[in-house]
Amino acid sequence: MAEPKISDKRWSVDLEKKIQADHFSNDKYSDRYKFDPTSDREIFIIDTPPPYPSGTWHIGAVAQYSMIDVIARSQRLIGKEVRFPWGVDRNGINIEFTVEKKTGRKMRTYDRAEFLDICSDTIESYTQAMRQTAKRVGLSCDYENEYLTDSPEYRAISQTIFVELFKRGDIIEDLRPNIYDPVEGTTIAEAEVQRIQRMTNLCDVVWKTQDGEEIVITTTRPEMICACGVVVVHPEDERYMHLIGKTVDLPLTVSNRDSFVQIQTHPSVKMDFGSGILMVCSYGDQNDVSIFRELGMRPFPAIDLDGKMTSLSGPLSGLSVEDARVEATRLLQNEGRIKSIEEREQEVPVSERGGNPIEIILLKEWYVKQTSVLDRLSELTNQSRFIPERNRQFLHDWMDGISIDWPISRRRWYHTEVPIWYSEDRSMVVVPPKGCYVQPWRESPPTGSQVLERDSKKILGDFESLRDQLGDIVGEEKVFDTWMDSSNSNLFVSGYLNEPELFEKAFPTSIRPQGKEIVRTWLYYTILKSALLLDKPGFQNIWVDGLGMDPWGRKMSKSLGNGIDADSVLECGAGGRTGSWKIRGADGKQVTLKANKIGSECFRLWKACDAQVGDDFHINPEEIETKYYGVLTKIFNVARFASQFDTPDDLENPPELSPEDVWILAEFDHTLTTVHMAWSDIDIYNAAQSIKSFSTGIFPSHWLEMSKSRLYGGDGSATWTLHRVVRDILSAFTPICPFFTHYLSTTLYSQSSVDIREFPKIPDSCGVSEFDGFRELTAELTEFNSNVWKAKKDLGISLKSEIDGISVPINLAVFEQALREMHNLVQ
RNA sequence: GGGUCCGUGGUCUAGGGGUUAUGACGUCGCUCUUACAAAGCGAAGAUCGCAGGUUCAAUUCCUGCCGGACCCA
């Protein structure tokens, strides 16, 4: 017996960090994890969610990413050629806000080019920090080939796809009511609207019909009276039958429009809301939009692009919406037109990014047609497998609710530009050639651009030859919605345009892993793009995980004070530092959670073992440590124990094996089969559970105890079995805890488990299949061992003491010798 | 207000029409047995949210209710 080759007494976060540092600095890193598109192996491309760098990374997202890494590593382990790209999503309003906040200046006070430079400098520092966290949690991405969604290369793809869809008529421009954020000055999509509770005044306003009757209309938005197109009551409302068809005067002064409207009926009116009479304005809300459309009415634009009242509103014109509401109320009060004001809580739609109340405004914008292809989308989506299957529902629910096309143009700056120029008379447009990134607001069309008829999309010819007929061309100033860029990610990583040969065999992309909160945006828009462009499903597999919640099951948020920083968990235990988290608990009281050591390996193990994919998961650092750190200790010590016995030269061909060795190999073979199936099935939970229960349960508790005396005696069969099992456990476990298994496997077997590209299998020559009956003895064997342990406990004697009067059951006769020595049985 | 999902020992969790319902943590007891006390072994602990229904049989299927989460109007 030699000294253990593994010198550390136990697994530690410091050791983990040391191994990580070696790993990432090692030249072998890129050999290990790079992607070879020409490989003969099955190609497996992961459409990693490109994170948005905005300071700290949400711990729930880090947990999700660590599981995406488990998928990447497990697919490599079972022999696939894996592309696990590292992308960073950097377009969008977030970075614009950050810059505005940092500099204290609004975007529009800058020169456009200057503002873009500040944005790209600012986002770079966040990008670095994010990459560090990604490495710290062990993501085996291809960092050398990092892609940024704001790079010319990526934006060129977005623009090329836009041009393609524009030519086909799948992208159109139109004047439509749009959801608009007046504070940030941009259109937003349905998917970007959030609802918040806030107090508003509900006013009962007295209107007068032209024949003198007073009616009461309840509204929260008196400033919108100037945009009123019609007053409606419910068709079955007995109270108001006599009003139908009459004309009613607007209670406020207006300009440039009639000062009266008609009273009609509409089934959408809620009879029990307020007075049951509703004014329909262009546009107070989505219902107004549909009534206007239904009745074919001309809208009255009451709010301009700056969020100010238009001249239509007479005395209110030029006021902000908020001020106009106060002023309108005051005017009505002066006229004695307000019957009552009640303050009540109401849901207000606001923009997700800016948190500003949104308005609905008529604007000319670019749209991706979607309402017309929803059925086909459904069909295509049915060809993708969802993991878990039930989360398919999130997508279906969203698709069922889609009623308008997707507005993709934004009046912002740090985004991909809409790649189009207009001729002087606006009848023709110029679009850039394939693969070219353009900025029409400051550039002329590049060589190879094409001229199209604006309405018919007929190609008229080259820009160069038609230049003179266009007059002074004007570049489009608008940009894309960020999702217009990120929804190309699967195409980009699968080689669309840039690697045609790869794309041919790699599309639909192998897997889209993501959180359920962005099903309606990222997933939906990606599927829409793939369908419009290629009439194919975007993915083979769609892995939709739940959200990371606080320890009591609530969403983590700044306002609740229940957030947990990812780095604090990953660094917990490093350099002797412990972790402590003050969190507002379920009862509103502050709770302090404490942990001594977690680190990335324990964190990953926790996420892999603790809940099935797709469910929301509670993040409690205290629990992560108590439940899973011991598992690492246990497996570490099994390996350390093994390391004191010399590793046989030949671990492929077994020596003559003893029955108990064949038994454990049969058990292990069964575990490996289960794990292999689970990995193939992208089932992290079951893989993790199987490995964990075998390697912390039956293997050390039963087989190891039974085999100790043989091991110390230098028995070849026992030593071979020990090392073969430990080596293969490490391989099977490597996707979950790569650094842990890398360290142990290189120390013991001079080959890192992270380099294994074929899932381990117990050789047939071990006789596992012939002696399948051995597995049936497992229950009886463990029960026998338990009985002996219990008997010794009842007698109050130590486990090593002799015990008599216990005989080995007949079924276990093959193990008799081993069991006698294990328990020190005497007759 | 509508939709989706969820509700299993003190806590977290697996499972699923039918023998004693999985595992982990915690609790209690024992043990420093030549890998492991940052561990091991053993024990106690659940009428599987509530009420109906379907069935020979329901914790599992159906309906309603209650509670939670998320999404939408």
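Labels below follow one simple rule: chain letters A, B, ... track the order of the sequence lines, proteins then strands, and each chain is numbered from 1. When reading the values below, keep in mind they use all heavy atoms of this one structure, side chains included, and skip hydrogens, waters and symmetry mates.
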Nearest-angstrom distance from the residue atom NZ of A:Lys594 to P of B:rC25
22 Å
Whether A:Asp661 and A:Arg724 form a salt bridge (side-chain N of Lys/Arg under 4.0 Å from carboxylate O of Asp/Glu) is what I want to check.
no
Whole-Å C1' distance, B:rU8 and B:rG23
13 Å
Here the distance between atom P of B:rU33 and atom CE of A:Met822, to the nearest Å, is 16 Å
Give the nucleotide from the list B:rC36, B:rU4, B:rC41 with an atom nearest to the side chain of A:Ser701.
B:rC41
Show your working on ring pair (Phe, Tyr, Trp, His ring centres under 6.0 Å) between A:Trp606 and A:His618 and close with a plain yes or no.
CA-CA 11 Å; A:Trp606 156 74; A:His618 303 182; over 10 Å; no
Using a 4.0 Å heavy-atom cut-off across all strands, classify A:Lys792 as base, sugar-phosphate, or nothing.
nothing
With RNA chain B as reference, determine whether A:Lys692 or A:Val631 sits nearer its 5' end, using the nearest nucleotide of each.
A:Lys692
Distance check needed: B:rC6 C1' versus A:Leu547 CG, whole Å only.
14 Å
Pairwise C1' distance, B:rA14 and B:rC48 [rounded to whole Å]
12 Å
Comparing A:Lys597 and A:Glu517 on RNA chain B - which has the more 5′ nearest nucleotide
A:Lys597
A:His670/A:Phe694 aromatic ring centres below 6.0 Å
no
So, A:Glu571 and A:Lys17, do they make that salt bridge, N to O below 4.0 Å?
yes
Within the 4.0 Å heavy-atom criterion, would you say A:Glu705 contacts the bases, only the backbone, or no part of the nucleic acid?
base
Separation of B:rG7 atom C1' from A:Phe617 atom CZ, nearest Å, is 20 Å
With sequence neighbours left out, write down each residue that passes side-chain contact (heavy atoms from CB on, under 4.5 Å) with A:Val638, or none if nothing qualifies.
A:Phe699, A:Pro700, A:Val726
Rounded C1' spacing from B:rG40 to B:rU33 in Å:
9 Å
Can you pull out every salt bridge (Lys or Arg N to Asp or Glu O under 4.0 Å) where at least one residue sits in residues 619-631 of chain A? Sequence neighbours excluded, please.
A:Lys597-A:Glu625, A:Asp610-A:Lys627, A:Glu623-A:Lys627
Between N or O atoms, less than 3.5 Å apart, protein on one side and nucleotides 11-13 of chain B on the other: list the pairs.
from	atom 1	to	atom 2	distance (Å)
B:rC12	O2	A:Lys627	NZ	3.4
B:rU13	O2'	A:Tyr685	OH	3.4

Which ranges of RNA chain B pair up as stems, where a stem means three or more consecutive Watson-Crick or G-U pairs with both distances under 3.5 Å?
B:1-7 with B:66-72, B:10-12 with B:23-25, B:27-31 with B:39-43, B:49-53 with B:61-65
Given B:rC70, B:rC36, B:rU4, which nucleotide is nearest the side-chain atoms of A:Thr633?
B:rC36
Measure the acute angle between the ring planes of A:Tyr743 and A:Phe636, then classify it against the limits of 30° and 60° as parallel, tilted or perpendicular.
parallel
Do A:Glu16 and A:Gln20 meet the criterion of a side-chain donor-acceptor pair at a distance under 3.5 Å?
no
Spacing of A:Met706 atom CE relative to B:rU34 atom C1', expressed in whole Å
19 Å
Quote, to the nearest angstrom, the P distance that separates B:rG10 from B:rG45.
12 Å
Give the rounded distance in Å between these two atoms: CZ of A:Phe740 and P of B:rC36.
16 Å
note: A:Asn620, atom CG; B:rG10, atom C1'; distance rounded to Å ~ 15 Å
Using OP1 and OP2 only, check whether a side-chain N or O of A:Ser801 sits under 4.0 Å from B:rU33.
no
Rounding to the closest angstrom, what is the interatomic distance between B:rU22 and B:rG42 at atom P?
15 Å
Under 3.5 Å side-chain donor-acceptor pair for A:Trp11 and A:Asn637:
no
For the pair A:Asp288 and A:Arg221, find out whether any cationic side-chain nitrogen is under 4.0 Å from an anionic carboxylate oxygen.
no
Enumerate all atom pairs, one protein N or O and one N or O from nucleotides 42-46 of chain B, separated by less than 3.5 Å.
from	atom 1	to	atom 2	distance (Å)
B:rG42	OP1	A:Ser786	OG	2.9

Assess, by modelled atom type and distance only, whether the side chains of A:Asp405 and A:Thr371 contain a donor and an acceptor separated by less than 3.5 Å.
yes
Counting the atoms with a prime plus P, OP1 and OP2 as sugar-phosphate, which does A:Leu704 contact under 4.0 Å by heavy atoms, base, sugar-phosphate, or nothing?
base
Before you tell me yes or no, could you show the steps for A:Asn356 and A:Val350 under side chain to side chain contact (heavy atoms under 4.5 Å, CB included), namely the whole-Å CA-CA distance, both residues' side-chain angles and the distance that decides it to 0.1 Å?
CA-CA 5 Å; A:Asn356 311 303; A:Val350 298; 5.9 Å; no
Students often get this wrong, so: under 4.0 angstrom with heavy atoms, is A:Arg10 touching a base, only sugar-phosphate, or nothing?
base
Could you check how far CD1 of A:Ile698 sits from P of B:rG23, rounded to whole Å?
13 Å
Which residues satisfy the ring-ring contact (aromatic ring centres under 6.0 Å, His included) test with A:Trp406, sequence neighbours excluded?
A:Tyr525
B:rG7 and B:rC62, which share atom name P, separated by this distance in whole Å:
13 Å
Looking only at the side chains, is there a donor atom on one of A:Asp646 and A:His723 sitting less than 3.5 Å from an acceptor on the other?
no
In whole angstrom, give me the gap between the P atoms of B:rU63 and B:rA39.
47 Å
Mind checking the C1' distance from B:rG68 to B:rC25? Whole angstroms is fine.
23 Å
